[in-house]
Amino acid sequence: MKIVRTDAELHLPTLDDLLIDEGHELILLPDGIAEDDLIRVCHDADILMMCYTPITRRVIEAAPRLRGIVKYGVGIDAIDIPAAKKNGVIVVNVPEYAENTVAEGAFTLMLALLRKLPALTAAMRTDGWTWPEPRWLGRDLSGLTVGLVGLGRIGHSMARMCGRGFGANVIAHDPHQPDSTFQAAGAERVALGDLLKRADVVSLHTVLTEETRHLIGANELALMRSDAILVNVSRGPLIDESALISALDEGWIAGAGLDVFEREPLSRDHPLQNRDNVILLPHLTFWTHQAMARLEEDTLARLRELIENRPVTIRSKDPRLQGQKGASYS
């Protein structure tokens, strides 16, 4: 089969080698490929694998042989799913490979900001040493209130680490989860406004949809406490970045830890760069040896189902992936 994989900068050596060894034609395309160029390559493709590259209606309609689109990752906001369903193309993601891994990344950002590590590291780099002063006083996580926006797999892992692991009070907002999910996570269910007002840490773990785009804007940031921090390892457009920059400039919040941005890659002169109360990561909280091994294994399993014309296993609970012909739900 002809299999096209976009975003080749994300190395999947085991998966790529296996597909080639099995005799498939594997085409690797770079991140940022133009839509017209993608269409030219995919016109006779059987399977399309993607991570970040937008898969538009035009791409899908120009590929009449396409059986499936495999997102090797979690978020599916870059795929035109209605167009895929209309054209009989199954869309599947890999939702379970990094639920603990990404939560650990969010947890790391949170602790680093609570202990003012960016500013302390900058002071050590400049001065070589610094002494205990009021400006360096950090905060223990134990006893603080952590507010989770989204209580899916990653949010649930974050709740466990903060609450059972470190003794924080966990509150959460997720209109799509039943009360039993909150109980299992040890999280108090609250409205978004209440969460923003009460939390010492606000951590985002929700999917990106038109309803959640700019979920955190100027009005929401104004509700947060001046000593609170904001963490986002989910999707960049959940936050209105211009509003966040204003909030940081004006001291509405104490800091931010971000792994994702409205536009990636982030430019070197972006206004979020070079702040002592901000940690920026290049969308890599998922990037560990163990997580990538799981990603390759799960992605290969979905590919084999498509290649062998078997029902494709959908493990995501995202309603956008429900109701697909030729899919098996677990």
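Hydrogens, waters and symmetry mates play no part in the numbers below; they use all other heavy atoms, side chains included.
Note that the CG atom of L117 and the CH2 atom of W136 stand 11.0 Å from one another [nearest 0.5 Å]. Here L204 contributes atom CG and L230 contributes atom CG; the two are 5.5 Å apart, rounded to the nearest 0.5 Å. Note that CG of L221 and OG of S246 are 9.0 Å apart. Values are rounded to the nearest 0.5 Å. With values rounded to the nearest 0.5 angstrom, R58 atom CZ is found 10.0 Å from L38 atom CG. Note: T313 OG1 to I90 CD1 = 10.0 Å, rounded to the nearest 0.5 Å. In this structure, C51 SG and L12 CG are separated by 8.5 Å, a value rounded to the nearest 0.5 Å.
Using a distance-only test at 3.5 Å, with no hydrogens or angles considered, no donor-acceptor pair links the side chain of H11 to the main chain of P13. Judged purely by atom type and a 3.5 angstrom limit, N277 uses its side chain to pair as donor or acceptor with the backbone of A254. For the pair Y329 (side chain) and G323 (backbone), a donor-acceptor distance under 3.5 Å is present. Of the possible polar contacts, one joining the R225 side chain to the R198 backbone as a donor-acceptor pair under 3.5 Å is found. A donor-acceptor contact shorter than 3.5 Å is absent between the side chain of D31 and the backbone of E9. Proximity of a side-chain donor or acceptor of T181 to a complementary backbone N or O of Q177 within less than 3.5 Å is not detected. Judged by distance alone, the side chain of N232 and the main-chain N or O of R235 form a donor-acceptor pair under 3.5 Å. Of the possible polar contacts, one joining the D259 side chain to the L284 backbone as a donor-acceptor pair under 3.5 Å is found. One N or O on the side chain of E220 and one on the backbone of G217 form a donor-acceptor pair closer than 3.5 Å. Checked by atom type and distance alone, the side chain of H24 pairs as donor or acceptor with a backbone atom of M1 at under 3.5 Å.
A donor atom on one side chain and an acceptor atom on the other are not found under 3.5 Å apart for S142 and D140. Donor-acceptor pairing under 3.5 Å is recorded for the side chains of H270 and E241. When only modelled atom types and interatomic distance are considered, N274 and R268 share no side-chain donor-acceptor pair under 3.5 Å. In this model, a donor atom of one side chain and an acceptor atom of the other lie less than 3.5 Å apart for R294 and T101. Counted by atom type alone, S316 and D318 present zero donor-acceptor pairs between their side chains at under 3.5 Å.
Atom CD of Q322 sits in a crowded spot, with more than 12 heavy atoms from other residues, nucleotides or ligands closer than 6.0 Å. Counted within 6.0 Å of CZ on R320, heavy atoms from surrounding residues, nucleotides or ligands total more than 12; the atom is thus considered enclosed.
Criterion: ILVMFWY side-chain heavy atoms under 4.5 Å apart, direct or through other members. Under it, V233 and L196 are not part of a common hydrophobic cluster. The hydrophobic clustering, which links ILVMFWY residues whose side-chain heavy atoms are closer than 4.5 Å, places V59 and V92 together. No single ILVMFWY cluster, assembled from side-chain heavy atoms under 4.5 Å apart, contains both L248 and L114. If you chain together hydrophobic residues whose side chains sit under 4.5 Å apart, L195 and F182 never meet in one group. Residues I245 and L109 do not share a hydrophobic cluster, clusters being chains of Ile/Leu/Val/Met/Phe/Trp/Tyr side chains in contact below 4.5 Å.
Between L244 and I253 the shortest side-chain heavy-atom distance falls below 4.5 Å. S157 is not listed as a side-chain neighbour of R153, based on a closest heavy-atom distance of 4.5 Å or more. Looking at heavy atoms from C-beta onward, R67 lies out of side-chain contact with V89 at the 4.5 angstrom threshold. You'll find the side chain of L141 reaches within 4.5 Å of the side chain of V146, heavy atoms only. Between I307 and I3 there is a side-chain heavy-atom pair separated by less than 4.5 Å. Counting heavy atoms from C-beta outward, M49 and K71 have side chains that stay 4.5 Å or more apart. Between T145 and V201 the shortest side-chain heavy-atom distance does not fall below 4.5 Å. Side chains of R315 and R302 form a contact here, defined as non-hydrogen atoms less than 4.5 Å apart.
Geometrically, R5 engages Y72 in a cation-pi contact, judged by NZ or CZ lying under 6.0 Å from the ring centre and within 45° of the ring axis.
Nearest heavy atom pair, residue T285 against residue G105, reads CG2-CA, 3.9 Å. Looking at every heavy atom in both residues, E305 comes nearest to V312 through OE1-CA, 3.3 Å. Taking every heavy atom of both residues into account, A78 and T53 meet most closely at CB-O, 4.2 Å. In this structure, A218 and W252 approach most closely via the heavy-atom pair O-CZ3, 3.7 Å. Minimum heavy-atom separation, N93 to G73: CB-O, 3.4 Å. For the pair L151 and H156, the tightest heavy-atom approach, listed with the atom from each and the gap, is CD1-N, 4.0 Å.
Residue pairs meeting the ring pair (Phe, Tyr, Trp, His ring centres under 6.0 Å) criterion with at least one partner in residues 48-68, sequence neighbours excluded, are Y52-H283.
Results of the side chain to side chain contact (heavy atoms under 4.5 Å, CB included) test with I69 over I81, I47, I60, L306 single out I60 as the only residue that passes.
Taking 4.0 Å as the cut-off between side-chain N and carboxylate O, E61 and R57 count as a salt-bridged pair. Looking at D174 and R189, no side-chain N of the basic residue comes within less than 4.0 Å of a carboxylate O on the acidic one, giving no salt bridge. We find that K85 and D80 are not joined by a salt bridge, their nearest charged nitrogen and carboxylate oxygen being 4.0 Å or further apart.
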Given H214 and L238, is the side-chain contact (heavy atoms from CB on, under 4.5 Å) satisfied, shown in steps? CA-CA 5 Å; H214 285 187; L238 294 174; over 6 Å; no
Verdict with reasoning, E22 to R304, per salt bridge (charged side-chain N to carboxylate O under 4.0 Å, His left out): CA-CA 11 Å; E22 291 177 1; R304 290 204 189 288; 2.6 Å; yes
Decide yes or no on side-chain contact (heavy atoms from CB on, under 4.5 Å) for L215 and L208, but give the supporting numbers first. CA-CA 9 Å; L215 181 67; L208 176 63; over 6 Å; no
Show the numbers, then the answer: is there a side-chain contact (heavy atoms from CB on, under 4.5 Å) between L28 and D16? CA-CA 9 Å; L28 300 179; D16 291 346; 4.1 Å; yes
As a quick check of understanding, evaluate side-chain contact (heavy atoms from CB on, under 4.5 Å) for L266 and L258, giving each step before the final call. CA-CA 11 Å; L266 198 68; L258 307 172; over 6 Å; no
